[in-house]
Every structure is written in C-alpha cells, then in structure tokens.
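Below you'll find the structure, written out as structure tokens, and then a few comments.
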Amino acid sequence: MKFIVSSSYLLKQLQVLGSVINSSNTLPILDNFLFELDNNQLMVSASDLETTMTASLAIDSTSKGSVAVPAKLLLEILKTFPEQPLTFTVEENSTIEISSNSGKYALAYAPGDEFPKAVSLDEPSVTLVPADVLATAISKTIFAAGNDDLRPVMSGVFFQFSPQGLIFVATDAHKLVKYARTDVTASEVADFIMPKKPLTILKSILSTSDAEVKIEYNDSNATFSFDNYILMCRLIDGKYPNYEAVIPKENPNKLIIDRTLFLSSVRRVAIFSNKTTHQIRLKIAGAELNVSAEDIDYSNKAEERLTCDYQGDDMQIGYNSRFLTEMLTNLQSDMIMLEMSLPNRAGILTPVDGLEEGETVTMLVMPVMLNS
C-alpha cells in the first residue's frame with residue numbers, strides 16, 4: 001500500500017477530522033485516523049463512537065488497503081513540513097513510512113479492520129439545506145443549549161423539518177432561541193435532537209463552504225454530507241420540551257433600541273452587579289430606559305440612561321446580564337425589539353432589521369426577581 005499526497009492538503013483535511021477525536025478515549029484505536037485507500041481515492045476517518053467523520057481525498061496511487069495511523073503524531077509531523085509531496089508506504093513490519101524531500105519518518109500503525117465501522121442508515125429521510133443557512137442556524141442556537149447531564153434532551157439543538165420550513169431550537173430553561181426559515185423546506189415532517197459536539201464541528205467547516213448539505217436521518221442517527229466530507233452522529237434520545245408553550249403570545253410592552261448601544265450599556269453596568277446573580281434592572285418610562293445594577297455586599301452600583309422607542313406601561317424588570325449579553329452579541333441587527341408583558345414573564349428579543357427573506361430569530365430570556 002503506497003500513495004503520494006500534498007502535505008498541506010493532507011494537513012488541512014486532518015485538522016478538520018482531528019476535532020472529532022477525544023483527548024481521552026476508552027478504546028486506544030480511537031486515537032488513530034483510519035486511512036482507507038482505493039487507487040486514486042483516500043478516505044480518512046476519525047471517530048469517538050458517537051460521532052464519525054470521513055473526508056475523501058484525491059491522491060496519486062494504484063494500490064488498495066486500510067491502516068489506522070496515530071493521529072497526534074501524524075498531525076505534529078505534518079505541521080512542520082513546508083508544502084511538498086509526501087510518499088506514504090506501508091511496510092511489512094507494522095510501520096508506515098513517510099518520505100519527504102528531506103528525510104524519512106516511520107510510525108507504527110494498527111490494522112484498519114480494528115477501527116469501529118460507522119453505522120449505515122437504512123432508508124433514511126433526506127433534506128437538502130444550503131451550507132450558509134445551516135451554519136447560521138447552528139451559530140444562532142447552539143449557545144443557548146444547556147450543559148445539564150441530567151436533562152440530555154436540552155443539551156442539544158432541536159431540528160424540526162416540515163414542508164412549511166425548517167425550525168432550530170435550543171434552550172437551557174433560562175434562555176431559549178428559535179431560528180426559523182420558510183425559504184428552505186423539507187419534503188416531510190420530521191424532528192430530532194442533535195448533540196453539541198458534531199454541530200460545533202459542522203459550524204466551523206460550513207462557514208467557508210458554499211455547498212448544499214445533504215442531511216439524512218432516522219430515529220437514532222443523522223448524516224451530513226457536503227463537499228468531500230461525511231459527518232455521522234448518534235442523535236440524543238428523548239422528547240424535546242414543548243417550547244411553543246413557554247413563548248408568551250401577548251406582549252403589549254414593546255421597547256425598540258439600538259443593539260450596540262444597549263449591549264455596551266449592559267456590559268458596563270453588569271460589572272457592578274452581584275457576582276452570583278449577575279442581576280441588572282431595566283426601568284422603562286416614556287422614551288427613557290434606565291439600566292442599573294447594585295452589589296449590596298460591596299457597595300458597588302452603576303446606572304445609565306438611554307433613549308429608546310417605547311410603547312407600553314412604565315415597568316421595571318430584572319434580567320441576568322450574562323444571558324442578555326450573550327443574546328445581544330449573537331444578533332447582527334442594528335436595532336432590536338424587546339417585548340414584555342409582566343415583570344415575572346419572559347421577555348422576547350427579536351432583531352428589527354438585517355434578516356434575510358424568510359428568516360426569523362426569536363430569543364426568549366427569563367426574568368429574575370428584583371430585590372425592591
């Protein structure tokens with residue numbers, strides 16, 4: 001088994017796949033990349049059992065075979081090479097030899113058949129989504145997903161597909177984000193919960209791709225195919241909470257304000273808030289928004305006045321500044337609208353401008369009890 005490949009081309013592909021590999025694996029074989037050679041096509045895979053990712057590379061070869069190569073060692077050596085062709089030769093003595101312009105390097109390999117096989121989906125449902133749409137959907141929602149091991153369904157992003165459009169939802173019970181598209185649709189109704197790790201990997205590669213992503217899914221697994229990559233992962237098992245029930249429908253108090261101005265103010269004032277509650281107070285009356293925070297234990301306090309466009313009753317409401325900051329940072333619009341009903345009901349944050357046709361973003365933030 002022998003093949004020739006460009007050093008930088010191989011490194012670029014392996015760095016993407018390397019993000020799948022865990023730092024501590026229960027199975028030693030998972031510390032390797034699986035190389036499967038079939039003449040001019042090299043398939044390289046990485047897996048942590050839950051998520052498997054494969055890249056197909058065009059190379060120069062006339063042989064076939066498969067070996068598992070130590071990932072860390074291979075990445076370390078590839079990072080040091082300037083751009084040049086490298087020749088990989090599998091020797092009889094269980095080593096794979098890499099020949100460069102300046103030297104030879106041998107590393108031990110394991111037989112390829114020891115590497116766990118990826119699951120194949122029987123008669124999956126298929127939906128096509130443009131890469132930029134999927135990348136936006138992931139980045140708009142993933143930050144709101146929870147980290148609670150006791151509630152695994154809330155630790156992922158909920159995908160809801162239908163002929164009317166696509167909906168992506170994430171929540172940790174304190175904040176919720178719903179990202180919807182009506183300009184991209186699926187042929188049938190389906191929903192599943194995607195874990196965070198494969199989504200994070202997808203987000204980083206999709207941002208530079210203009211391909212169409214083919215999503216195939218059944219009850220337990222999903223596969224994302226685009227460009228020369230295939231990412232397969234196990235879905236989170238369970239029923240996603242009824243998120244529509246927690247989004248308040250009647251919100252008569254509407255505040256419209258410049259997003260950057262509001263974000264800067266919240267960030268500054270939050271420095272003076274209590275370090276455990278991160279509580280800030282919004283006091284709205286007429287065209288004035290008063291943002292304040294106080295840490296009674298240390299006699300720290302801050303207050304800022306902003307002008308805004310407000311329709312509704314005068315009100316005071318408290319929020320966790322970290323959640324508010326995260327949401328405002330995640331929106332790209334110039335102006336945002338905060339809709340509220342009562343100080344103990346969730347507020348709804350939406351962008352006023354900057355959305356594409358058929359795109360909606362709804363962010364829900366739970367209030368905190370104010371100390372009067």
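This chain uses plain numbering: 1 for the first residue, then up along the sequence. All values derive from a computational prediction rather than experimental measurement.
No side-chain heavy atom of L235 sits less than 4.5 Å from a side-chain heavy atom of S220. At a threshold of 4.5 Å between non-hydrogen side-chain atoms, the residues F161 and I215 count as touching. For the pair I284 and M340, the minimum side-chain heavy-atom distance is below 4.5 Å. Contact check for E97 versus V90: no side-chain heavy atoms found under the 4.5 Å cut-off. Inter-residue side-chain proximity for D132 and L206 is flagged as unmet; no heavy-atom pair is nearer than 4.5 Å. Between L30 and P116, some side-chain heavy-atom pair lies under the 4.5 Å cut-off. Side-chain contact between F192 and Y240 is absent, with no heavy-atom pair separated by less than 4.5 Å.
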For D48 and K197, run salt bridge (charged side-chain N to carboxylate O under 4.0 Å, His left out): C-alpha distance rounded to whole Å, both residues' side-chain angles, the deciding distance at 0.1 Å, then the answer.
CA-CA 11 Å; D48 68 356; K197 181 177 173 179; 2.8 Å; yes
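Using a 30° and 60° split on the angle between ring planes, F158 and Y243 fall in the perpendicular class, above 60°.
By the ring-ring contact (aromatic ring centres under 6.0 Å, His included) test, F115 is found to be paired with no residue, residues two or more places apart in sequence or in another chain being considered. For the salt bridge (Lys or Arg N to Asp or Glu O under 4.0 Å) test, residues two or more places apart in sequence or in another chain that qualify with K178 are E244.
Considering OG1 of T362 and CG of L176, their distance stands at 9.0 Å, rounded to 0.5 Å.
Residues Y217 and F159 keep their aromatic ring centres 6.0 Å or farther apart.
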